[in-house]
Each structure stands twice: as C-alpha cells, then as structure tokens.
Amino acid sequence: MIYISQIVSVIRKDIIAELRTKSTIGAMLLFGLTIVVVFSFSFNLDLQEQKNLAPGLLWTAFIFSAILGLNYSFSSEYENGCMQGLLLSPIPRSAIYIAKLISNSIFILFSELVILGFFVWLFDVRFTMNWHWFVLLMVLGTIGFSATGTIFSAISAETRMKVFILPLLQLPMTIPVMIAAVEATSILLGKETKFTFDAWSTMLLVYDVIFITLSVMLFEYILEE
Amino acid sequence: MSETKSVFEAQNIVKRFGRSAVLKKLNLRLKQGEFVSIFGPNGAGKTTFLKISAMIISPSEGNILVFGENIKNAGDLARVEIGFIAHDTFLYRNLTARENLKFYGNIYGIEDIDSTINHCLESVGLLNRAEDLVSKFSRGMLQRLTIARAFLHDPTIMFLDEPYTGLDSTASVFLNELIHKFYNTDKTGILTTHNLDQGYDLATRLVILNNGRIEFDADKDSISKNDFRDKYTEIISS
Amino acid sequence: MPRISSNVLLIIAAVLMLIAIYMVFIYAPTERTMGDIQRIFYFHVSSAWVGFFAFGVTFFYSAAFLKKKDLKWDNIAVSSAEIGLLFTTITLITGSLWARPVWGIWWTWDARLTSTLVLWLIYLSYLMLRNYIESETKRAYLSSVVGIIGFTNVFLVYFSIRWWRTQHPAPVIAGGSGSGLAPEMQLTFGFCLVAFTALYVYILSKKVEIGRAGWEIEDIYRTLDDK
C-alpha cells in the first residue's frame, strides 16, 4: 500500500510544480503548435491526401513535442540534489520510475490533445472517425513513448549532452510505436490494410508491457554510481 | 564486545569507481548513542562512505547492517531509520516549504503528518513562512528548512556530510543545538568534517579516514584535542 | 598464454576466410537469373548474422555486468557492439550494392533492410552515449541498460516493420524447402556463416585485449603519478 501512496506523492508533487510554473507543458505546446504550422506550410493537403498524410504528420508532431517534454522530466530532481533525497528515502527505485512514467504520460497526453486541436483547426481536417478508438490509441502510444522515454530521460540526465542524447536514443527505439500508431490511425480513417486495428493496438500494448517491465527491472542501475 | 547492541554496522565495505578502489575494506560499528566524527582529507572517501551507509548507492563489496539486519534483506523500508544532511538542500524550488515537507512525509509514510510538519517548522522558526515558495527563501532559511526535512521522520541514525560548509552562523549554532538534542536522546550519528574543533566537540568517538582506510578510531575520552590534532597531522602527512 | 590462443584463433579465422573466399568465387555456381552479383549474398548474409549475433553478445554481457558489477563484462559488451556495428554497416552496403542491379534501386523500405538500419541506429546511439559519460562505472551501468533495452526492441522493430511493409526476400535466403538453391550454394552459405563467426570471435578477442591493455596503461600512469 505504501508503494502506491509513494507513487501518488511523486506524481502529485510533479503536477503541483508543473501547474505552478507551466514551463514544460508550455514549451511542449508551443513547440507542437510550431511543428503543425510548419507542416501546414510544407504540405498543401487536399481532402484525399489528408487521409494519407495526416496520421504520420500528427504522430510526428506528438513524438517531437513529447521528447521536448521528456528532456525536462528529471531536471527538477537534479536541482538541489533532490534525486539524492529520493534515493535516501524509503521509496523503492521502481516506484520512482512508475511515478515519473505516469506524470510524463499525463503531461504528454494533455499536450497531444491540444496539438490535435491545432491540427484539426489549421489543416481544416474534415474526416470522420471513431474518436473513442483514437483516444485509446493516444493513450497506448503515449504510454509507449513514456515507457522508454522515462528511462532514457533518466539516462540522458546523467550525461554531459542531455538534450542531444535523449532523441538519439529515443527515436529509433520508438519506431514500433510510431508504425503501429500511424497504421492504426490510418485504419480509423478508412485505409485498407492487411492488418486490423486490433492487431496494431495489440502491438502497442505489447510494447508498453515489455518496456515497462524491463524499465522497472533496470531503473535502479541507472541511479548507481 | 559490549552489552549495548550495535545500531549501525558497516562490514568490509569496498567501493570501486572504475577500477580504483575508493574504500578499501572499511569496518565501522556504532552502538546506541554514539556520535562519530569522521575526519580526513579531500578524496579520502568520506562522502562515498556516508552515501553507502545511507543506502543512496550500493557498495562494490561488503554489507550494511541496521539494527543487526542486513539491508539487502530488509529492503527499502530500512531507510526510514536514516536521516541525512549534506551540502545540497534536497528541496524542490517550485514547491512551498510545507509542500516540500508534506512530499517527504508522505514518502516516509509518516502518520499524523500535518502536526508533525507544523512541529518541525516551528522548531526551525519557519512556521510563518510555510506557504512561501522555496525559491524565494534566503540561504539561511533554506538551511533551516533542510534541517527540518532531515529530522522530519525522526530518524534513529543521522548522517551529516560536511553540514557546516556554507552554513551561516545562526544556522550552524542551530544545527549544533539540534545535534546535541539528538544524541542526548540516545540516538546515533556520523558526522564528516574538515573542521577539527567542531568535529571534536560534537563527537563521542573520533575516526580518521585516509586513502580509503580507517587509520584511527578511538573514544573521545581517551585523547585530548591537542593530542588528536597532532595524531591527525601525523596520519595525513604520512 | 592468451597470446597463443589468440594466434590459434587468428589462424583458424584466416584459413576459414580463405576457403570461404574460394568457395564464394570459384566453387559456388553462378546463379541463373541474377548472375555473379548473387555472390555478394554469401558475405551479405554472413555479415548480417554476425552483426545480429554480436548485438546478442552485447545484450548478454550487459546483463552480466549489471549482475556482477565487474567492468570486464562491460568491456566485452562494448567491444562486441563495435564489431556488430561494423558488420551491420557491411550488411547495409553489400545489400545496397546487390539491390541496385537486381531490384533497380539502392534502397527499399523492406522489413529486413529497415530493421537492420534501425538496429544500426540503436547501436550507434549506444556507442555515442558512452562518449558522453565521464565516470567509467556510470558509463557501464547506463550503457548496459541501453544494450538490454535496445536488443529487446530489435524483435519488436522487426515485427512492426514486417507487418507494415513486406517486400519479400526471405524465401531467397532462408531457403528452408531448398527454394531453388543448389547444394553447392547451400554449402557455401553454411561455410561462410562459420567463417564469419570465426572472424568475429577473433576480432572480439583482440578488441577485449585492447580494452584490457588500456586499463594497464592507465594503471601504469597512476602508479607513476603516485611517485
């Protein structure tokens, strides 16, 4: 029980601090908006092309803004040596990972929703799809980004070139998430493919489960000296 | 060896960074109420030893025992016995003083958290600033809040890593008082310091760490401050 | 003693590689439709195998380091990753050389090709990461974690890309049912795999030795500094 209440305390602390400064979410949203604007200049989409390109563009905007946010996910812990304060406390190392995973997922999901809004607005998107299923995809995909993103963010926080190391590690590693999310979104938009929506969302789920499990096992080693 | 049981014990601690050993088979056993000052030059391994003792990092070899139980078996909850004060404050800038203490209190699983926080804040004289952001705090206030944070969960073993470096005079007088109060209640502690005077005055036992080894270990009563000073210079310069 | 065994490895690898070259260029018959260009496949597939195997070794020794906390395991892990990266590079280049005359393009987003490229990127970032960490122990811990996560991901990358775009070439190489592969060709394939693996083992033993020699030099410098 204390495990869960420790996780909740870390998440609550992250959310209180973020609501106060709005620095990470603010940067993610601004960056997301900028990407969508750049896309809207670079691609002049008619209705047919929209269906083909929109899933890829949307998820690209999602992952880039997510990486920006993940870069700062551990920065508050490294100010004033707070991470040592955590390591000193009876919170298990894996609980720190889970808590960071959840708070990162919350921040990323929130910014994705707003970016989705920009996207629909600026591209004048007029497609219909089952939004319930799309929200499920966003949740699974975001947990996937965060599962590897959180552990890589902790790794890059320990290196000299923080901001540069994270995307280098994170982008190749999230290729399965990108492919599955983009394909599944295309299916929701009516594209005919060999594999079904269920197959792709299962792949996302498998990715999430594998990397959360691995990270829970490996996280303590990142904090060793 | 003695009838009082050991509260804290470090057994054959070895710590290697890369391939060079910083700590070479360190043994230290603390009885209830003992307050040890560890002296030694920079790079002697004092901070590393305290970090291992406080279970922040793990040793390459050897064991840490708290109340006779190996922490490898005791798990993370063994850490509730430990308090730690270092140069860093461990405080979140974007939280208020109260939020910081509440966060740590929750993680330590403290019951009756609000009155404990109020009591701690009051004893360091920050109760009227409880709702202020830590980023607005002056240096002295930060140091007092750091002390409140460290004593919040009422630890039985206290580690102090060079706590006086950077403390202003009010804060260090204050810390001294707390330490006296602390070990008068028969609690145990380790202090690392450069400052021979301060370390000698506070301690019940004196240890000199040099090149990753304990080269001197004696009760304070057995040696005068001047003799100890000579001993220290002799060991360090050898 | 290690020098002798390393020389034995060298001789085995050299002999096997010479025979492999003979078999690839002279013994194996020319493929009917593709012509001589098909011969590149023997080395291409062998490099791909060694690359993948080498990353598997990195995975294994990364886990060994985390368990034993001894830097010698980390030394093997990183040595194997560097060799794996080299052979993966060879795989990508030879594949491209083969694809141009046969498929008429340098590159296609096929499952095997793309997964190999992703694999290459993952281990390049593994080696890059190591450059940016000062402390030897910290470097070993962090890169071991990446080594383990990266290798696990390879399977997911492969399946996701395979579902996404399956072009084909699997049957040509795998040839489980002897899909048109002459017995001499099969033998040459098998032999090349063995020869390349021997070459890998030899290079690995050398790289590990170089890593150890680096430590010895550091130790000598340290004792000199102390004096």
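Below, read A as the first sequence line, B as the second, and so on, with proteins coming before strands; counting in each chain starts at 1.
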Which bit of A:Ile2 is near chain B, if near means a heavy-atom gap under 4.5 Å: side chain, backbone, both or neither? side chain
Max heavy-atom pairs within cutoff under 4.5 Å with chain A, candidates B:Ala54, B:Ser58, B:Ala86, goes to B:Ser58
Chain A contacts, top residue of B:Glu99, B:Arg149, B:Met55 (heavy-atom pairs, under 4.5 Å): B:Glu99
Are the aromatic ring centres of A:Phe31 and A:Phe64 under 6.0 angstrom apart? no
Once the angle between the rings of A:Trp59 and A:Phe145 is folded into 0 to 90°, is it parallel (under 30°), tilted (30 to 60°) or perpendicular (over 60°)? perpendicular
Heavy-atom distance under 4.5 Å to chain A: side chain of B:Phe17, backbone, both or neither? side chain
Among B:Lys15, B:His87, B:Arg93, B:Glu81, which residue has the highest count of heavy-atom pairs closer than 4.5 Å to chain A? B:Arg93
What part of B:Phe159 lies closer than 4.5 angstrom to a heavy atom of chain A: side chain, backbone, both or neither? neither
Quick one: what part of B:Leu133 sits under 4.5 Å from any heavy atom of chain A, side chain, backbone, both or neither? side chain
Chain A heavy atoms under 4.5 Å from B:Ser53: which part of the residue, side chain, backbone, both or neither? neither
Does any backbone or side-chain atom of A:Val8 lie under 4.5 Å from a heavy atom of chain B? Answer side chain, backbone, both or neither. neither
Within the distance-only criterion (no hydrogens, no angle test), does the side chain of B:Asp161 pair as donor or acceptor with the backbone N or O of B:Thr47 below 3.5 angstrom? no
Exercise: do B:Asp112 and B:Ser115 side chains pair donor with acceptor under 3.5 Å: yes
Can you name the closest pair of heavy atoms from B:Asn195 and B:Phe39 and give their distance? O-CE2, 3.8 Å
With A:Ser73, which of A:Asn104, A:Thr24, A:Asp14 fulfils side-chain hydrogen bond (donor to acceptor under 3.5 Å, both in side chains)? A:Asn104
Charged tip of A:Arg93 within 45° of A:Phe219 ring normal and under 6.0 Å: no
Which residue out of B:Val80, B:Val134, B:Leu91 racks up the most heavy-atom pairs below 4.5 Å with chain A? B:Leu91
Which portion of B:Ile57 sits near chain A, non-hydrogen atoms under 4.5 angstrom: both
Can B:Thr193 and B:Gln198 be counted as having a side-chain donor-acceptor contact under 3.5 angstrom? no
Is it the side chain or the backbone of B:Lys102 that comes within 4.5 Å of chain A heavy atoms, both, or neither? neither
Here's one to test your reading of the geometry: is the NZ or CZ of A:Lys100 within 45 degrees of the ring axis of A:Phe74 and under 6.0 Å from its centre? yes
Under 4.5 Å from any heavy atom of chain B - which part of A:Ser9: both
Between B:Ile107, B:Leu77, B:Asn106, which shows the greatest number of heavy-atom pairs under 4.5 Å with chain A? B:Ile107
